Amino acid sequence: GELRLREACGEEFFFYVSGGFLEVQPLAVTVLADEMLRSSEIDREAALAARHSAEQVLTSSHLFSERDAAKLMLVKALAQLLVIEHELASHKRSIR
């Protein structure tokens with residue numbers, strides 16, 4: 001999913017995270033993720049290709065295992081694309 005970090009000055013940073021744990025304490029938040037990418041590290045074209053590939057498998061495969069793997073791929077690709085969109089929207093708001 002998406003992790004959004006807002007600094008005290010108001011600047012926002014966006015990350016894609018997958019798996020792991022989140023611990024919230026009164027003065028600190030700790031993220032232990034299996035996978036974490038800054039918005040700038042996400043390859044938009046690869047995420048779009050993964051989404052397209054997953055959608056094809058979901059419409060054509062009769063095997064549960066293939067469809068389950070495709071669902072996971074689709075969810076990850078959509079989450080990465082959402083992180084990119086939120087980063088762009090935040091950047092546009094800060095320019096104004």
Side-chain angles (χ1 to χ4, degrees):
E2 177 184 40
L3 176 79
R4 185 181 310 193
L5 170 69
R6 182 177 296 142
E7 292 187 335
C9 65
E11 188 173 3
E12 289 183 320
F13 299 91
F14 297 87
F15 301 87
Y16 163 77
V17 293
S18 178
F21 298 92
L22 175 74
E23 178 184 60
V24 179
Q25 296 292 324
L27 299 176
V29 175
T30 304
V31 179
L32 299 172
D34 295 332
E35 180 180 17
M36 186 169 187
L37 298 171
R38 294 175 188 257
S39 58
S40 61
E41 296 174 323
I42 298 171
D43 183 341
R44 184 176 187 278
E45 296 306 315
L48 287 170
R51 181 183 78 182
H52 178 72
S53 176
E55 288 170 343
Q56 283 186 324
V57 170
L58 288 171
T59 59
S60 65
S61 179
H62 298 291
L63 298 175
F64 289 119
S65 60
E66 286 182 1
R67 290 199 319 252
D68 288 344
K71 286 177 188 176
L72 179 59
M73 185 188 322
L74 180 61
V75 167
K76 287 184 174 190
L78 291 174
Q80 290 179 9
L81 292 168
L82 185 64
V83 168
I84 293 170
E85 287 178 25
H86 286 160
E87 172 73 25
L88 291 173
S90 175
H91 183 70
K92 287 179 183 177
R93 283 193 307 268
S94 67
I95 292 175
R96 293 180 191 169

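Only heavy atoms go into these numbers, but all of them, side chains included; no hydrogens, no water, no symmetry mates. For clarity, every value in this text was computed on a predicted model and none was experimentally measured.
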Side chain to side chain donor-acceptor pair (under 3.5 Å) with [X]: which residues, sequence neighbours excluded?
{"X": "Glu85", "value": "none"}
{"X": "Glu55", "value": "none"}
{"X": "Glu41", "value": "none"}

Any chain of hydrophobic side-chain contacts (each under 4.5 Å) joining [X] to [Y]?
{"X": "Phe14", "Y": "Ile84", "value": "yes"}
{"X": "Leu58", "Y": "Leu63", "value": "no"}
{"X": "Phe13", "Y": "Val31", "value": "yes"}
{"X": "Phe64", "Y": "Val75", "value": "no"}

Residues, nucleotides or ligands: over 12 heavy atoms within 6.0 Å of Arg4 CZ: yes

Minimum heavy-atom distance [X]-[Y], with the two atoms named:
{"X": "Ala54", "Y": "Ala70", "result": "CB-O, 3.3 Å"}
{"X": "Asp34", "Y": "Gly20", "result": "OD2-N, 3.6 Å"}
{"X": "Ala79", "Y": "Gly1", "result": "CB-CA, 4.1 Å"}
{"X": "Ser18", "Y": "Lys76", "result": "OG-CE, 3.6 Å"}

Sidechain-backbone polar pair: Ser60 side chain, Gln56 backbone, donor-acceptor under 3.5 Å: yes

Heavy atoms, side chains only, cut-off 4.5 Å: are [X] and [Y] in contact?
{"X": "Leu82", "Y": "His86", "value": "yes"}
{"X": "Arg51", "Y": "Leu74", "value": "yes"}
{"X": "Leu3", "Y": "Met36", "value": "yes"}
{"X": "Ser39", "Y": "Val83", "value": "yes"}
{"X": "Leu48", "Y": "Glu45", "value": "yes"}

Interatomic spacing from CG in Leu32 to CZ in Phe21 - rounded to 0.5 Å: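 Here the rounded value is 8.0 Å.
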
Value rounded to 0.5 Å, distance of CD in Glu12 from CD in Glu87: 9.0 Å

